[in-house]
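Report on one structure; see the data block that follows.
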Amino acid sequence: MGLYINLGDENFRQLRNDVFVDKSGPIGVINKTIDKSNRLSCISRPRRFGKSYAAAMLASYYCTGCDSSGLFDDFEIAKSPDYRKHMNQYNVLYLDITGFIGSKGLTKLLDTMEKALFKEAQKEYPKLSAADSVDALLTSIVELTGHNLLLL
């Protein structure tokens, strides 16, 4: 499991505790849009209202390479008929922009993100063909793994 590609469910496992409030509603919304022409979803929240928690939850639910069913079986999403259909079935690209800004600031943000993504992709998928752009890289990952890609 990587830092950006298919990071697994460990982040969400650590966030979930006895007082965690079920906020699995967006999973049902996204499940309804997968493989549809209008499949883009924007889940926004004000500053300091849990965007990182929501992203960790979504990554845990959709990410290949882990079995997250135990994390969600007691959530509202488990009542949905397509609960298991989409669980752990997608490559997930998880990018927390604040982690890339660092000391280089905004001017080097895209370059830093691109280098980190290419480095991790080569590590996670040694058989990956060379790519000269991020979109070509992501397409290659989908073709190599046979799993669609979700961007968080």
Side-chain angles (χ1 to χ4, degrees), residues 1-16 23-69 71-72 75 77 80-152:
M1 286 180 269
L3 295 172
Y4 315 112
I5 303 169
N6 294 327
L7 70 145
D9 60 11
E10 191 57 35
N11 284 350
F12 187 60
R13 282 185 189 280
Q14 290 175 1
L15 294 173
R16 186 167 178 197
K23 296 181 182 178
S24 61
I27 294 172
V29 172
I30 293 170
N31 284 349
K32 290 178 185 177
T33 65
I34 290 176
D35 296 328
K36 302 285 191 289
S37 59
N38 62 345
R39 62 186 167 271
L40 301 179
S41 300
C42 176
I43 302 169
S44 62
R45 297 203 170 143
R47 179 179 163 92
R48 312 297 310 158
F49 273 80
K51 289 180 289 297
S52 296
Y53 286 97
M57 178 187 66
L58 293 171
S60 177
Y61 179 82
Y62 289 110
C63 176
T64 61
C66 61
D67 179 8
S68 302
S69 58
L71 288 173
F72 294 93
F75 279 7
I77 188 61
S80 171
D82 63 350
Y83 167 55
R84 298 241 184 229
K85 178 181 178 184
H86 299 288
M87 180 180 280
N88 302 128
Q89 296 299 310
Y90 302 93
N91 289 306
V92 173
L93 176 59
Y94 181 91
L95 296 174
D96 181 351
I97 304 304
T98 58
F100 289 102
I101 295 174
S103 62
K104 298 185 181 188
L106 292 173
T107 56
K108 299 286 185 179
L109 175 67
L110 293 177
D111 188 48
T112 304
M113 287 175 57
E114 188 174 274
K115 285 179 183 176
L117 187 56
F118 274 89
K119 182 179 178 180
E120 181 167 316
Q122 286 300 316
K123 178 181 163 194
E124 293 292 318
Y125 307 105
K127 295 180 181 178
L128 195 65
S129 57
D132 58 355
S133 65
V134 171
D135 59 331
L137 175 73
L138 299 179
T139 300
S140 295
I141 291 172
V142 170
E143 290 171 351
L144 179 69
T145 64
H147 294 284
N148 285 335
L149 182 71
L150 296 177
L151 307 173
L152 300 178

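- Residues Cys63 and Gly8 approach most closely at SG-N, 3.4 Å, considering heavy atoms.
- Applying the salt bridge (charged side-chain N to carboxylate O under 4.0 Å, His left out) test to Asp82 and every residue at least two apart in sequence or in another chain returns nothing.
- Qualifying salt bridge (charged side-chain N to carboxylate O under 4.0 Å, His left out) partners for Lys115, counting only residues two or more places apart in sequence or in other chains: Asp111.
- Taking CE from Met87 and OH from Tyr62, the interatomic distance works out to 10.0 Å, rounded to the nearest 0.5 Å.
- With sequence neighbours excluded, the residues forming a ring-ring contact (aromatic ring centres under 6.0 Å, His included) with Phe72 are Phe12, Tyr61, Phe75, listed by chain and number.
- Listed by chain and number, the residues in a side-chain contact (heavy atoms from CB on, under 4.5 Å) with Val134 are Glu114, Leu117, Phe118, Leu138 (sequence neighbours excluded).
- Among residues two or more places apart in sequence or in another chain, the side-chain hydrogen bond (donor to acceptor under 3.5 Å, both in side chains) test is passed with Asp67 by Ser69.
- By the side-chain hydrogen bond (donor to acceptor under 3.5 Å, both in side chains) test, Lys119 is found to be paired with no residue, residues two or more places apart in sequence or in another chain being considered.
- With Glu143 contributing its side chain and Ile141 its backbone, the two residues share no donor-acceptor pair below 3.5 Å.
- To the nearest 0.5 Å, the span separating NE2 on His86 from CG on Asn31 amounts to 4.5 Å.
- Shown here for Ile77 and Gly28, the closest heavy-atom pair between the two residues is CD1-N, 3.5 Å.
- Every residue two or more places apart in sequence or in another chain that forms a side-chain contact (heavy atoms from CB on, under 4.5 Å) with His147 is listed here: Thr64, Asn91, Thr145.
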Practice task
In sequence, state the C-alpha distance, the side-chain angles, and the governing distance for Met113 and Leu95, and then conclude on side-chain contact (heavy atoms from CB on, under 4.5 Å).
Solution key: CA-CA 8 Å; Met113 287 175 57; Leu95 296 174; 3.5 Å; yes
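- Between Met57 and Ile27, the closest side-chain pair of non-hydrogen atoms falls below 4.5 Å.
- For Ser68, the side-chain hydrogen bond (donor to acceptor under 3.5 Å, both in side chains) partners are Asp9, Ser60, Asn88, not counting sequence neighbours.
- Listed by chain and number, the residues in a side-chain contact (heavy atoms from CB on, under 4.5 Å) with Ser140 are Leu128, Ser129 (sequence neighbours excluded).
- Remark: Tyr94 pairs with no residue by the ring-ring contact (aromatic ring centres under 6.0 Å, His included) rule, at least two apart or across chains.
- Residues Asn148 and Ile34 fail the side-chain proximity criterion, which asks for heavy atoms closer than 4.5 Å.
- Heavy atoms only, all atoms of each residue included: Ala121 and Leu137 are closest at CB-CD1, 3.7 Å.
- Counting only residues at least two apart or in different chains, salt bridge (Lys or Arg N to Asp or Glu O under 4.0 Å) contacts with residues 83-95 comprise Asp73-Arg84.
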